[in-house]
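Here is the structure we will look at.
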Protein chains: 4
Amino acid sequence: MEFKNSKGIFQQIADNLCDRILLGEYSVGDKVPSVREQAANIGVNHNTVMRTYTELQREEIISNKRGIGFFVAEDAPLRILAVRRQEFFEFTLPDLIDQIELLKITKSDVKTLITKLEENENK
Amino acid sequence: MEFKNSKGIFQQIADNLCDRILLGEYSVGDKVPSVREQAANIGVNHNTVMRTYTELQREEIISNKRGIGFFVAEDAPLRILAVRRQEFFEFTLPDLIDQIELLKITKSDVKTLITKLEENENK
Amino acid sequence: MEFKNSKGIFQQIADNLCDRILLGEYSVGDKVPSVREQAANIGVNHNTVMRTYTELQREEIISNKRGIGFFVAEDAPLRILAVRRQEFFEFTLPDLIDQIELLKITKSDVKTLITKLEENENK
Amino acid sequence: MEFKNSKGIFQQIADNLCDRILLGEYSVGDKVPSVREQAANIGVNHNTVMRTYTELQREEIISNKRGIGFFVAEDAPLRILAVRRQEFFEFTLPDLIDQIELLKITKSDVKTLITKLEENENK
DNA sequence: GTGGTCTAGACCACC
DNA sequence: GTGGTCTAGACCACA
């Protein structure tokens, strides 16, 4: 796993795990990889993963059974989705519109985007 | 000027100045506000502005006449536009598509975006 | 470490570190002294060292592992050597020739230089 | 005339004028270009030239006749030569030897330098 | 007044 | 402990 410099590593790990939960890779009640396992997988210090898990636990996205591991919490996908969608409409979309205007991005430039959307809607 | 926590202040100042150049507020050859004037304007330390200007100078977006000030460099708008568009198509757009898919954003959700695009194109 | 007035301190620190890398004092992959440790060693402010390291990182001479430290980058010695030699042949040598001509420096004046060269070559 | 960023502009102007005196372009007693003329020639502020001339006057390399102009002083070439040669042997040459060693510059690399020297000596 | 560099000290995120 | 950023304030060279 590669990291950008702009965001914190622990944040990127959290985002990645949330993505996997949204994708159904981990379902509600599933055990997520242990701190040390996860750390080994992605090649970071286990403290960093621990911090990620602690943070996600605080957001009630995963829960901890002592001595056993961390598990995907009830309603985790919904909770993640809600936060993400809010961020999307509040920050991502407005920023995007500003950029499109400033950079003179045209409709044809984002044709692939539209196509993608159509497919998504027709499912 | 208000700052977000996610990016460095000096980066946001740079982005802001680039935006103004793209908008034509500062044309090629124009003097941009002096380091200390700019610092006073936006309420930051002059070192922070200095860092911004040094960085922009390295990117050949502004240039320096010693003891006189910083000036918008030749081709600065084109250069900014090129970088910004590249970032857009390489990072922003793919990320956006991933998010749309993941968050199940629908066509109607982004109707405002489409409308904006149409207007922009018909100008 | 003593500094000349002609160049910036941060530049002299950079040159010094590059010299050490060329001399093999720090090999590829080695950790270089931490920003604050280096600052203490040579009696300057940590910001000054930080500026040096940031610059050297931009030139891909050292690289950074977050929260751990700076390390001598792959190919750093070659890269330094290339830059230094280019500077030598493009600036130092022509300047030298001009000066020799202008100042009427004679062969015997630079005998020590020649001797040094012979020794170097015969090694 | 182009300027490097490493040295002060006024210093570079002074060096340039001294070079011309050594080359005999301006002989002892000759009038050197007026402050404003010189400023126009090389495209800098006249204050900068004034500072150069004041400095050179302090070093007794040029002298001022009020209302008429600046003139190359008695012994100016000798004086310049003395300073320059001292700088050469005290700083330039030792630095050069260090660099040659560090950069593994060989005899053949500096063959042009040697050739130049021979020619110079045989004159 | 304008850039440029440095110091001192603080605070944060991350390991 | 390690990098990274920012502030405050000072001093210098230059125009």
Side-chain angles (χ1 to χ4, degrees), chain A residues 3 5-14 39 43-52 54-55, chain B residues 3 5-13 31-40 42-55 57 62-71, chain C residues 3 5-13 31-40 42-55 57 62-71, chain D residues 3 5-14 35 39 42-52 54-55:
Chain A
F3 301 104
N5 265 324
S6 51
K7 277 190 194 175
I9 290 179
F10 89 97
Q11 188 55 256
Q12 296 178 53
I13 297 170
V44 299
N45 189 294
H46 67 267
N47 285 320
T48 309
V49 176
M50 191 58 210
R51 176 162 175 193
T52 301
T54 305
E55 187 69 14
Chain B
F3 300 105
N5 271 327
S6 52
K7 281 190 197 174
I9 291 180
F10 80 96
Q11 188 56 256
Q12 296 179 55
I13 297 170
K31 183 176 181 303
V32 299
S34 82
V35 172
R36 284 165 163 83
E37 184 186 347
Q38 185 77 297
I42 59 186
V44 299
N45 188 277
H46 66 264
N47 285 320
T48 307
V49 176
M50 190 63 205
R51 178 168 178 188
T52 300
Y53 280 16
T54 303
E55 187 69 13
Q57 192 180 13
I62 58 180
S63 67
N64 175 289
K65 292 185 191 163
R66 291 184 25 175
I68 305 180
F70 286 90
F71 298 81
Chain C
F3 300 106
N5 271 326
S6 53
K7 281 189 195 173
I9 291 179
F10 79 96
Q11 187 55 256
Q12 296 178 55
I13 297 170
K31 183 175 179 304
V32 299
S34 81
V35 172
R36 284 166 162 85
E37 183 187 346
Q38 185 77 296
I42 59 187
V44 300
N45 189 277
H46 67 264
N47 285 320
T48 306
V49 176
M50 190 63 207
R51 180 168 174 187
T52 299
Y53 280 15
T54 304
E55 189 68 15
Q57 191 181 12
I62 57 179
S63 68
N64 175 290
K65 291 184 192 164
R66 290 181 31 173
I68 304 180
F70 286 91
F71 299 80
Chain D
F3 301 104
N5 265 325
S6 51
K7 277 190 193 176
I9 290 179
F10 90 99
Q11 188 56 256
Q12 296 178 55
I13 297 171
V35 171
I42 57 186
V44 300
N45 189 294
H46 67 268
N47 286 320
T48 308
V49 177
M50 190 60 209
R51 175 162 177 193
T52 300
T54 305
E55 187 68 15

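In the text below, chain A, chain B and the rest are named by the order of the sequence lines, each starting its count at 1.
- With DNA chain F read from its 5' end, the first of the two nearest nucleotides for B:Arg36 and C:Ser34 is the one closest to C:Ser34.
- Rounded to whole Å, the distance from CG on C:Asn45 to P on F:dC6 is 16 Å.
- Spacing between atom CE of C:Met50 and atom P of E:dG9 amounts to 20 Å, rounded to whole angstrom units.
- A donor N or O paired with an acceptor N or O is not found under 3.5 Å between the base of E:dG4 and the side-chain atoms of B:Asn47.
- Here the P atom of nucleotide E:dC6 and the CD atom of C:Glu55 are 12 Å apart, to the nearest Å.
- Base pairing of F:dA8: its partner is E:dT7, meeting the Watson-Crick or G-U wobble criterion (both donor-acceptor distances under 3.5 Å).
- Across D:Thr48, D:Asn45, D:Ile42, a single residue satisfies side chain to side chain contact (heavy atoms under 4.5 Å, CB included) together with D:Ile9, and that is D:Thr48.
- The local environment of NZ in B:Lys7 is sparse, with at most 12 non-hydrogen atoms from other residues, nucleotides or ligands closer than 6.0 Å.
- Across the interface with DNA chain F, nearest-nucleotide mapping of C:Val32 and D:Phe10 shows C:Val32 to be the residue nearer the 5′ end.
- Mapping C:Ile9 and C:His46 onto DNA chain E by nearest heavy atom places C:Ile9 at the nucleotide closer to the 5' end.
- A close approach under 4.0 Å does not occur between any side-chain nitrogen or oxygen of B:Thr48 and OP1 or OP2 of F:dT5.
- Within 6.0 Å of NZ in B:Lys31 there are more than 12 heavy atoms belonging to other residues, nucleotides or ligands.
- Summarising the geometry, the separation between CZ on B:Arg51 and C1' on E:dT5 is reported as 15 Å, rounded to the nearest angstrom.
- Here the P atom of nucleotide F:dA13 and the NZ atom of C:Lys7 are 19 Å apart, to the nearest Å.
- Place B:Gly67 and C:Gly43 on DNA chain E by their nearest nucleotides, and B:Gly67 ends up nearer the 5' end.
- Between B:Ser34 and B:Tyr53, the closest side-chain pair of non-hydrogen atoms is not below 4.5 Å.
- Between C:Lys31 atom NZ and E:dC15 atom P the separation is 15 Å, expressed in whole Å.
- The nearest whole Å value for the distance from the CZ atom in B:Phe70 to the P atom in E:dT2 is 12 Å.
- Whole-Å rounding puts the C:Gln38 CD to F:dG1 P distance at 17 Å.
- For the side chain to side chain contact (heavy atoms under 4.5 Å, CB included) test with B:Phe10, the passing option among B:Thr52, B:Val44, B:Thr54 is B:Thr52; the others fail.
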